[in-house]
Colleague: 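Have a look at this one.
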Amino acid sequence: MNAEVIGMGDAHVKGALLVHLRAHVIERDGDAAWKQLVAKLPEVDRATLDSLIVSSAWYPVGAWNRALDLHLGAHAADAGAEMTAVARRVADADLHTVFKMLLKLASPETVLRRTTWLWERYFDRGGMTVYEDAPHDWRLRLDAPTGEDDGASEPTCAHGVSGWLTHALHLVGAKRAVITHTRCRFTFARGCEYRVVW
């Protein structure tokens, strides 16, 4: 962690996620929808989300989890697809700006080998382990806390990781990429596991 961290002690999320969530909600449902969402949050989260969010700074992960849950609850008919849309937006924006050089030089293997680094770019708790089972057939394992204020929430892990990685793999040339969340740390597994085939 560095000096950019706001409110040391708890788990944190990079401001980029909050910036992209806000932009996604406003683009999809309008500025009033974002204001209504923020108004429903606890005071501490409202203070965070009503301030100027800096993409490169760190903020309490609970603010991300609770804002995301409220947004997905408003689209409960297909919350998984909505989480995937948010994740794709994050991947598309960040891969074309922050990770532009990575994108130019990358292959699917390069992206997958950097999964740990990519996770740590967004969350300061947890880590990814990467296993190459066969060419074009990899496994990822995410170990992270499960508390609302301690780590990424279930929607982030169940649909966000897959949505982000699928978009990233397409951007670096994978014609098809299938990512399956095979185990979840929110349902009796010790960690989340993903199978990545392309």
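These numbers were taken from a predicted model, which means no experiment stands behind them.
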Colleague: Under the side chain to side chain contact (heavy atoms under 4.5 Å, CB included) rule, what do D94 and Y122 come out as? Steps first, then yes or no, please.
Modeller: CA-CA 11 Å; D94 286 355; Y122 296 109; 2.5 Å; yes
Colleague: Answer with yes or no whether the hydrophobic clustering places Y131 together with L112; edges join I, L, V, M, F, W, Y residues whose side-chain heavy atoms lie under 4.5 Å apart.
Modeller: no
Colleague: Just by distance, do the side chain of H96 and the backbone of D92 share a donor-acceptor pair under 3.5 Å?
Modeller: yes
Colleague: Supply the atom-to-atom distance L17 CG to F123 CZ, rounded to the nearest 0.5 angstrom.
Modeller: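 CZ of F123 is found 5.0 Å from CG of L17.
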Colleague: Does E132 reach the side chain of R113, with side-chain heavy atoms less than 4.5 Å apart?
Modeller: yes
Colleague: Between the side chain of T156 and the main-chain N/O of A152, is any donor-acceptor distance below 3.5 Å?
Modeller: no
Colleague: Are any side-chain N or O atoms of N65 and backbone N or O atoms of G151, one a donor and one an acceptor, separated by less than 3.5 Å?
Modeller: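 Side chain of N65 to backbone of G151, a donor-acceptor pair under 3.5 Å: yes, one is there.
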Colleague: Look up atom NE2 in H170 and atom CH2 in W198, then write down how far apart they are to the nearest 0.5 Å.
Modeller: 12.0 Å
Colleague: For L70, what residues pass the side chain to side chain contact (heavy atoms under 4.5 Å, CB included) criterion, not counting sequence neighbours?
Modeller: L37, K40, L41
Colleague: According to salt bridge (Lys or Arg N to Asp or Glu O under 4.0 Å), who are the partners of R139, at least two apart in sequence or on a separate chain?
Modeller: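 Salt bridge (Lys or Arg N to Asp or Glu O under 4.0 Å) check on R139 returns D133.
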Colleague: Would you call C192 and V161 a side-chain contact if the rule is heavy atoms closer than 4.5 Å?
Modeller: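 The answer is no, as the side chains (C-beta and beyond) never meet within the 4.5 Å cut-off.
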Colleague: Determine whether L169 and P108 make a side-chain contact, defined as any pair of heavy atoms from C-beta on separated by less than 4.5 Å.
Modeller: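 Yes, side chains in contact.
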Colleague: Do any N or O atoms from the side chain of H12 and from the backbone of D10 form a donor-acceptor pair under 3.5 angstrom?
Modeller: yes
Colleague: Enumerate the ring-ring contact (aromatic ring centres under 6.0 Å, His included) contacts for residues 72-91, please, sequence neighbours excluded, ordered by first and then second residue.
Modeller: H71-H75
Colleague: Mind checking side chain to side chain contact (heavy atoms under 4.5 Å, CB included) for A79 and listing every partner two or more places apart, or none if nothing turns up?
Modeller: L72
Colleague: Atom CH2 of W34 and atom CG of L49: how far apart are they, to the nearest 0.5 Å?
Modeller: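 It is 5.0 Å, given to the nearest 0.5 Å.
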Colleague: Start with the C-alpha distance between M83 and L68, add both sets of side-chain angles, then the distance that settles side chain to side chain contact (heavy atoms under 4.5 Å, CB included), and finish with yes or no.
Modeller: CA-CA 8 Å; M83 181 69 236; L68 181 64; 3.5 Å; yes
Colleague: With the side chain counted from C-beta on, respond yes when I53 and T48 share a heavy-atom pair under 4.5 Å apart, and no when they do not.
Modeller: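 In contact.
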Colleague: Applying side chain to side chain donor-acceptor pair (under 3.5 Å), which residue pairs with at least one partner in residues 184-193 are found, sequence neighbours left out?
Modeller: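 Of all non-adjacent pairs touching residues 184-193, those that pass side chain to side chain donor-acceptor pair (under 3.5 Å) are R141-E193.
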Colleague: Is there a side-chain contact between D137 and R195, using heavy atoms and a 4.5 Å cut-off?
Modeller: yes
Colleague: Just how far is it from atom CZ of R121 to atom CG of L118, taken to the nearest 0.5 Å?
Modeller: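 One finds 9.0 Å between CZ of R121 and CG of L118.
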Colleague: Closest heavy-atom contact between R125 and A11?
Modeller: CG-CB, 3.4 Å
Colleague: Residues two or more places apart in sequence or in another chain: which of them pass side chain to side chain contact (heavy atoms under 4.5 Å, CB included) with A189?
Modeller: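 A189: side chain to side chain contact (heavy atoms under 4.5 Å, CB included) contacts with R183.
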Colleague: Just grab all the ring-ring contact (aromatic ring centres under 6.0 Å, His included) pairs involving residues 173-194, residues at least two apart or on different chains.
Modeller: H181-Y194
Colleague: Once rounded to the nearest 0.5 Å, what's the spacing between atom OG1 of T115 and atom CG of L165?
Modeller: 5.5 Å
Colleague: With a cut-off of 6.0 Å (strictly less than), are more than 12 heavy atoms of other residues, nucleotides or ligands near CZ of R88?
Modeller: no
Colleague: So, using salt bridge (Lys or Arg N to Asp or Glu O under 4.0 Å) as the criterion, who are the partners of D50 when residues are at least two apart?
Modeller: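 D50 satisfies salt bridge (Lys or Arg N to Asp or Glu O under 4.0 Å) with no other residue.
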Colleague: Pairing donors with acceptors under 3.5 angstrom, does anything connect the side chains of S153 and W64?
Modeller: no
Colleague: W119: what forms a side-chain hydrogen bond (donor to acceptor under 3.5 Å, both in side chains) with it, not counting sequence neighbours?
Modeller: none
Colleague: Going by heavy atoms in the side chains, are V130 and R114 under 4.5 Å from each other?
Modeller: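 A side-chain contact under 4.5 Å is absent here.
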Colleague: Under the side chain to side chain donor-acceptor pair (under 3.5 Å) criterion, do H24 and E82 qualify, and how do the steps go?
Modeller: CA-CA 10 Å; H24 179 81; E82 185 60 17; 2.6 Å; yes
Colleague: Taking only residues at least two apart or on different chains, which pairs with a member in residues 154-180 satisfy salt bridge (Lys or Arg N to Asp or Glu O under 4.0 Å)?
Modeller: none
Colleague: State the CD1-NE2 distance between I179 and H167, to the nearest 0.5 angstrom.
Modeller: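 Rounded to the nearest 0.5 Å, the CD1-NE2 separation comes out at 12.0 Å.
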Colleague: Same cluster for V178 and W164 if Ile/Leu/Val/Met/Phe/Trp/Tyr side chains link at under 4.5 Å?
Modeller: no
Colleague: Output every pair passing salt bridge (Lys or Arg N to Asp or Glu O under 4.0 Å) with a member in residues 51-74, not counting sequence neighbours, ordered by first then second residue.
Modeller: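 Matches after skipping sequence neighbours: D45-R66, R66-E148, R66-D149.
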Colleague: Same hydrophobic cluster for W117 and V111, using side-chain heavy-atom links shorter than 4.5 Å among ILVMFWY?
Modeller: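 Result: yes, single cluster for both.
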Colleague: Output yes when a side-chain donor or acceptor of T116 lies under 3.5 Å from a complementary backbone atom of M128, and no otherwise.
Modeller: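 Yes: the side chain of T116 pairs with the backbone of M128.
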Colleague: Do V172 and L95 come within less than 4.5 Å of each other through their side chains, counting heavy atoms only?
Modeller: no
Colleague: With a 4.5 Å limit on heavy-atom distance, are the side chains of L142 and C157 in contact?
Modeller: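 With C-beta onward as the side chain, the pair touches.
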Colleague: Run the side chain to side chain contact (heavy atoms under 4.5 Å, CB included) test against D150 and tell me which residues pass, sequence neighbours left out.
Modeller: P145
